[in-house]
Amino acid sequence: MKLFITITIVNVIIISIIAIAIYISNVNEMKKQAESLSNILSTQFSRTIDLYFQDIERLSLAIFTDPYLQESLLVETKIGTAYEAYLIKNSVYNRLFNHVYPRKDIERITIYTNENIAYEYVKQGNVDIIYLLEEQKWKKELDSLSKNEFMLLPTTETTLANGEKRKVVSLVRNIYNIPQRQKIGSMKIDINIDAFTNLLEFEDVNELEEYMQLLIMNEDRNVIFDYDEELTGAKIDGFDSSIFLNQSDGGELVWKEDQYLYTYNKSPQTGWDTIILIDDDFIIYERNQILLFIFSTGLIAIVLIALVSYFLSYQIAKPLRELTLKMEGVEQGDLTKRMNFTGNKEMDIVTRVYNNMLESINRLIREVYESKITEKNAKISALQSQINPHFLYNTLNVMKAISRVKQVEEVAEISESLSDLFKYTMKDLDKPVPLKEELDHINNYINIQKHRFMDRFILVSDVQEGAEETFLPKLSIQPIIENAINHGLADKKIGGIVELNVLRDKNTVLIQVKDNGNGIEPEKLKQIENRLSYSNPIETEAPHMGVGLINIQQRIRLMYGPTFGLEIRSEVGSGTITTLKIPYNSENDLPEGRGH
């Protein structure tokens with residue numbers, strides 16, 4: 001409990017310090033990110049409005065330079081008959097229609113002459129000719145500008161030809177004749193304020209949009225556009241105008257008794273101010289989210305630490321107690337008591353050493369026991385092998401002599417071959433022999449098998465010159481040929497062929513035994529390959545497989561290494577090819593005492 005309480009208190013203090021630091025850091029970072037995002041948005045929105053009005057300016061220049069409109073404004077306007085009025089309206093409509101269609105943001109274009117006559121084009125209607133009783137208020141201010149400049153009027157509400165009301169912002173500029181550059185009229189383009197909404201869509205601002213307000217204002221603090229559409233066209237009262245004189249592009253302000261973060265951007269194209277306000281409720285909301293996250297994670301961390309510290313002593317004592325019980329069992333003679341790994345690095349070392357110690361004791365006991373069994377079997381084998389081999393040789397020779405006296409040549413030939421085969425297999429089994437002697441042994445074996453199987457198969461040999469001098473372990477080839485006859489050609493009554501090919505490639509000798517039998521099924525072939533490739537193939541031996549091939553593989557690899565040995569390829573119905581790969585060894589290459 002002392003350990004539990006101490007660890008818990010220390011960790012609570014550490015977590016509290018970290019939580020306070022994280023809280024302060026995250027709140028400041030959140031404010032910076034909010035200001036940075038709103039600054040990017042205000043710059044982006046201001047730039048978007050600039051690009052849009054550059055496009056509107058290009059439209060006004062296209063109307064400005066239209067030859068027909070230029071001509072209409074140069075000629076003194078005298079509208080006589082209704083037919084003449086119709087012609088003028090129709091021509092002006094067609095010209096303006098070509099410029100404006102299919103733009104949905106333009107609501108009205110008005111062309112003013114110097115004689116106070118206006119051609120008013122409305123997208124939903126036609127061109128009306130209006131006789132003005134007084135000059136427009138903005139004309140004097142427009143005339144004071146240079147010839148290439150235009151002026152933007154504050155947002156107003158206008159009524160369209162179909163009776164619908166729209167809020168519009170207007171671009172006005174004078175029209176000058178080409179090329180004399182004398183004023184011949186002016187124009188006003190009314191733009192639907194909804195076009196700003198489409199241009200200034202908020203993207204990727206998540207929950208910030210709920211607390212953000214976008215305002216575009218002119219120098220007189222008239223609201224050109226409000227994204228919430230509440231203040232569009234109104235004049236703001238009580239707004240701290242000092243922020244527009246400040247060189248900073250953001251900060252904090254109080255408006256309508258509420259606290260806001262703000263970013264400010266002034267457009268060089270329109271002269272308008274783009275302001276983005278972020279309600280202080282957003283800061284409070286984000287701050288509460290951070291507090292909730294820190295409190296939740298801190299509480300979870302404290303609970304986890306408490307659980308860990310509580311079970312720590314238990315986890316330390318448990319494996320030690322288990323080890324004590326296991327060792328008591330070993331003391332009583334039970335060597336099967338093993339420890340399980342716990343995941344604790346130090347305890348796992350003790351567990352591994354303890355388990356290895358028991359394995360070593362068991363192995364030593366097993367080795368001593370098996371050694372005694374082997375010694376006993378060797379004594380029995382020695383007693384059984386006391387029959388003199390010469391007695392067997394003499395017996396076979398007597399059989400051969402009697403067979404020839406009785407003129408039974410086949411029995412004499414079999415007896416002679418069997419005598420040579422028996423003599424070869426009983427002498428110096430641990431010494432390598434030349435390939436030539438192994439081939440002679442194979443001939444004796446085939447001679448006996450031919451008398452057994454008659455004409456069911458033939459042996460075809462092809463030995464490359466120089467390869468016969470290589471040395472190899474005794475009885476390395478005969479078991480392969482025996483497999484080919486007994487298994488590969490088992491179902492062939494006639495026409496069986498066993499090919500023995502010996503090739504030498506520089507320092508390597510390949511001994512290939514091929515039959516034209518039934519072949520080996522893929523699943524069985526895979527089992528044989530797995531047994532041949534196993535590190536201790538004798539232990540994987542199956543009763544139906546015998547020891548021949550496995551014994552050869554083990555002897556070759558023990559003598560020459562894992563790169564040499566047997567390889568089997570077979571296709572069902574096409575036969576089997578068994579290849580024995582050994583290094584080329586002359587008699588001088590053999591280790592001392594291993595020569596023939």
Side-chain angles (χ1 to χ4, degrees), residues 53-101 103 105-161 166 168-192 218-220 222 269-271:
F53 275 100
Q54 288 177 12
D55 183 52
I56 296 297
E57 183 184 11
R58 285 191 290 271
L59 173 63
S60 69
L61 287 175
I63 298 171
F64 181 111
T65 57
D66 187 282
Y68 179 81
L69 293 176
Q70 285 266 324
E71 183 180 352
S72 299
L73 293 174
L74 284 171
V75 178
E76 183 178 357
T77 306
K78 293 181 180 179
I79 301 174
T81 64
Y83 177 71
E84 291 175 344
Y86 170 78
L87 290 178
I88 293 174
K89 289 168 59 177
N90 189 53
S91 298
V92 172
Y93 176 82
N94 288 337
R95 306 302 290 185
L96 294 179
F97 178 83
N98 289 335
H99 289 296
V100 175
Y101 182 82
R103 299 190 63 142
D105 52 336
I106 306 299
E107 295 291 350
R108 179 188 287 113
I109 297 179
T110 307
I111 306 296
Y112 299 91
T113 69
N114 289 336
E115 291 80 17
N116 288 333
I117 296 176
Y119 299 99
E120 187 178 79
Y121 164 81
V122 182
K123 184 168 59 177
Q124 294 86 349
N126 206 329
V127 170
D128 292 329
I129 300 177
I130 302 173
Y131 294 92
L132 302 174
L133 299 178
E134 58 182 16
E135 195 172 56
Q136 300 296 314
K137 296 180 180 179
W138 44 265
K139 277 195 174 183
K140 289 184 179 179
E141 185 177 353
L142 182 62
D143 290 340
S144 65
L145 301 177
S146 65
K147 295 181 179 181
N148 293 327
E149 291 184 320
F150 61 87
M151 191 169 69
L152 297 173
L153 303 181
T155 303
T156 56
E157 189 173 74
T158 185
T159 303
L160 305 180
R166 295 279 192 275
V168 298
V169 61
S170 302
L171 180 145
V172 294
R173 72 180 305 157
N174 286 327
I175 302 175
Y176 299 90
N177 69 330
I178 302 174
Q180 287 81 7
R181 303 289 288 173
Q182 294 178 350
K183 179 183 175 183
I184 57 175
S186 57
M187 77 171 77
K188 181 162 74 79
I189 301 176
D190 293 336
I191 303 162
N192 192 328
N218 63 9
E219 294 179 351
D220 297 328
N222 292 312
Q269 178 80 12
T270 62

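Residues Ile106 and Asn192 are not in side-chain contact: their nearest non-hydrogen atoms beyond the backbone lie 4.5 Å or more apart. Counting heavy atoms from C-beta on, the side chains of Leu152 and Phe53 come closer than 4.5 Å. Between Ile191 and Val168, every side-chain heavy-atom pair lies at or beyond the 4.5 Å cut-off. Looking only at side-chain heavy atoms (C-beta outward), Thr113 and Tyr119 come within less than 4.5 Å of each other. Between Ile184 and Tyr176, the closest side-chain pair of non-hydrogen atoms is not below 4.5 Å.
Closest of all the heavy-atom pairs between Lys188 and Ser170 is CG-CB, 3.8 Å. Closest heavy-atom contact between Lys147 and Arg173: O-NH2, 4.2 Å. Minimum heavy-atom separation, Arg103 to Ile56: NH2-CD1, 3.4 Å. The two residues Asn148 and Glu57 come nearest to each other via the heavy atoms O-OE2, 4.2 Å.
At most 12 heavy atoms of other shown residues, nucleotides or ligands fall within 6.0 angstrom of atom CD in Glu219. Glu141 CD: 12 or fewer foreign heavy atoms inside a 6.0 Å radius.
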Assess whether side chain to side chain contact (heavy atoms under 4.5 Å, CB included) is satisfied between His99 and Asp66, documenting all intermediate values. CA-CA 10 Å; His99 289 296; Asp66 187 282; 3.0 Å; yes
May I have the step-by-step check of side chain to side chain contact (heavy atoms under 4.5 Å, CB included) for Ile117 and Ile130, ending in yes or no? CA-CA 6 Å; Ile117 296 176; Ile130 302 173; over 6 Å; no
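In this structure, CG in Asn177 is found 13.0 Å from OG1 in Thr65, a value given to the nearest 0.5 Å. Between Asp55 atom CG and Ser60 atom OG the span is 10.0 Å, to the nearest 0.5 Å. If you take CG on Leu171 and CE on Met151, they are separated by 9.5 Å, rounding to the nearest 0.5 Å. The CG atom of Leu153 sits 11.5 Å away from the CD1 atom of Ile189 when rounded to the nearest 0.5 Å. Between the CD1 atom in Ile63 and the CD1 atom in Ile109 there is a gap of 3.5 Å [rounded to 0.5 Å]. Rounding to the nearest 0.5 Å gives a distance of 12.0 Å between OH of Tyr112 and CG of Asn174.
Counting only distance, with no hydrogens or angles, the side chain of Asp220 and the backbone of Asn222 share no donor-acceptor pair below 3.5 Å. The backbone N or O of Ser146 lies less than 3.5 Å from a partner atom in the side chain of Glu149, making a donor-acceptor pair. In this structure, Asn98 contributes its side chain and Asn94 its backbone to a donor-acceptor pair below 3.5 Å. Checked by atom type and distance alone, the side chain of Gln70 pairs as donor or acceptor with a backbone atom of Ile178 at under 3.5 Å.
Using a 4.0 Å cut-off between a side-chain N of Lys or Arg and a carboxylate O of Asp or Glu, Glu120 and Arg108 qualify as a salt bridge. Between Asp143 and Lys183, at least one side-chain N (NZ, or NE/NH1/NH2) sits under 4.0 Å from a carboxylate O, which counts as a salt bridge.
Qualifying ring pair (Phe, Tyr, Trp, His ring centres under 6.0 Å) partners for Phe97, counting only residues two or more places apart in sequence or in other chains: Tyr93, Tyr101.
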